[in-house]
Amino acid sequence: MLLGVMLGVLSLSWLLQAEAAPASAPAPGSAVTGRSMFFGDGPLQAAIVGHPEALPPRLAACANCHTDAAGVKAASFGPRLDGSRMTEMRGRRGGPPSAFTLTSFCQMLRTGVDPASILITRQMPRYTLDDNQCLGLWRYLMETNDVGSN
Ligand code: HEC
C-alpha cells in the first residue's frame, strides 16, 4: 500500500517534470542546435583577438562569414565549410596535411590553433563554448554537404 502511494507520487512528479520541458526543444549537442548556432539563432559567445569586448551575437554567427548569403557584412569572409573536406587529410594554411576531428575542431574554435598546430588568422573569432555547443556545431557541419544553404 505504502509502496503504491510512493510509486504514485514518483510517477506524478515525473509526469510534471516531463510536462515542464518544452517538447520542441532540440537536444543539447544535436545537429539541430548546431545549425541554429551556426545561423545565429542560438547563443554564441565570441571575441576578436585583441578586442576585450564580446562580439554582438549577430556578428558571432558562423553564417556571417561562412556562407555566401551573409546578412551582415563582416570584416572578412571565411572559406566555405564542408564536412567531408574538413575531415579529409590535406594541407591547410601552408601546413603539413591534417584533418579535423571533434577535439581539434573545438580547440580551433576556442584557441585558433588548427589541427596542424597553425594559428588561424584573427579574422576568425575565438569562441567560448561548452562541449555540447561544440558538438552540436560539429554534428551540423558533418551532416551537411552544402553548409549554409540549408
Ligand atoms: C568574422 C568572420 C568569421 C566568423 C564569424 C566565423 N569564422 Fe570561421 N573562419 C573565418 C576566416 C577568415 C577563416 C580562415 C582563417 C585562416 O585560414 O587562417 C575561418 C576558418 C574556419 C575554419 C577552418 C577551415 C579549414 O578548412 O581549415 C573552420 C572549421 C571555421 N572557420 C569554422 C567556423 C565556425 C564553426 C564558426 C562559428 C562558430 C565560424 N567559423 C565563425 C572567419 C569567420
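Just so you know, ligand 1 is whichever comes first in the structure, and atom 1 is the first atom listed for that ligand. Quick note: residue numbers are just sequence positions, from 1.
Atom CZ of Arg85 is surrounded by 12 or fewer heavy atoms from other residues, nucleotides or ligands within 6.0 Å. Counting heavy-atom neighbours within 6.0 Å of Asp131 CG, excluding the residue itself, gives a total of 12 or less.
Contact annotation for Ile48 and ligand 1: no heavy atom of the residue comes within less than 4.0 Å of the ligand. Here Pro79 has side-chain heavy atoms under 4.0 Å from ligand 1, and that is the only part of it that gets that close. With a 4.0 Å cut-off on non-hydrogen atoms, Met124 touches ligand 1 through its backbone as well as its side chain. Proximity of Asn64 to ligand 1, defined as any heavy-atom pair under 4.0 Å, is not found for any part of the residue. Proximity of Arg80 to ligand 1, defined as any heavy-atom pair under 4.0 Å, is not found for any part of the residue. Of the heavy atoms in Met37, none comes closer than 4.0 Å to ligand 1. Contacts with ligand 1 closer than 4.0 Å are made by no heavy atom of Phe38, backbone or side chain.
Within the listing of ligand 1, atoms 26 (O) sit less than 4.0 angstrom from a heavy atom of Arg90. The contact set between ligand 1 and Cys62, taken as ligand atoms under 4.0 Å from a residue heavy atom, comprises 34 (C), 35 (C), 36 (C), 37 (C), 38 (C), 39 (C), 41 (C). For ligand 1, the atoms closer than 4.0 angstrom to any heavy atom of Met86 are 29 (C). Close approach to Cys65 involves these atoms of ligand 1, each under 4.0 Å from a residue heavy atom: 1 (C), 2 (C), 3 (C), 4 (C), 5 (C), 42 (C), 43 (C).
Under the 3.5 Å distance criterion, the side-chain polar atoms of Arg110 are matched with a main-chain donor or acceptor of Leu129. Judged by distance alone, the side chain of Glu143 and the main-chain N or O of Tyr140 form no donor-acceptor pair under 3.5 Å. Under the 3.5 Å distance criterion, the side-chain polar atoms of Thr87 are matched with a main-chain donor or acceptor of Gly83. Proximity of a side-chain donor or acceptor of Ser30 to a complementary backbone N or O of Pro26 within less than 3.5 Å is not detected.
Within the structure, ligand 1 lacks Glu88 among the residues with a heavy atom less than 4.0 angstrom away. Contact annotation: Ala61 has at least one heavy atom less than 4.0 Å from an atom of ligand 1. Ligand 1 has no atom lying under 4.0 Å from any heavy atom of Asp114. Within the structure, ligand 1 has Leu59 among the residues with a heavy atom less than 4.0 angstrom away.
Atoms CD and CG, from Glu88 and Asp82 in turn, are 8.0 Å apart once rounded to the nearest 0.5 Å. Rounding to the nearest 0.5 Å places CG of Leu81 at 10.5 Å from OG1 of Thr144.
Side-chain contact, Thr101 with Ser104: a donor N or O sits under 3.5 Å from an acceptor N or O.
Residue His66 holds the heavy atom nearest to atom 39 (C) of ligand 1 of all those in Arg58, Gln123, Arg126, His66.
Aromatic ring pairs are classed by plane angle as parallel below 30°, tilted from 30° to 60° and perpendicular above 60°; the pair His66 and Phe38 is tilted.
Classification of Asp114 and Arg90 as a salt-bridged pair fails, no side-chain N sitting under 4.0 Å from a carboxylate O.
Any N or O atom pair closer than 3.5 Å counts here, and Tyr127 shares no such pair with ligand 1.
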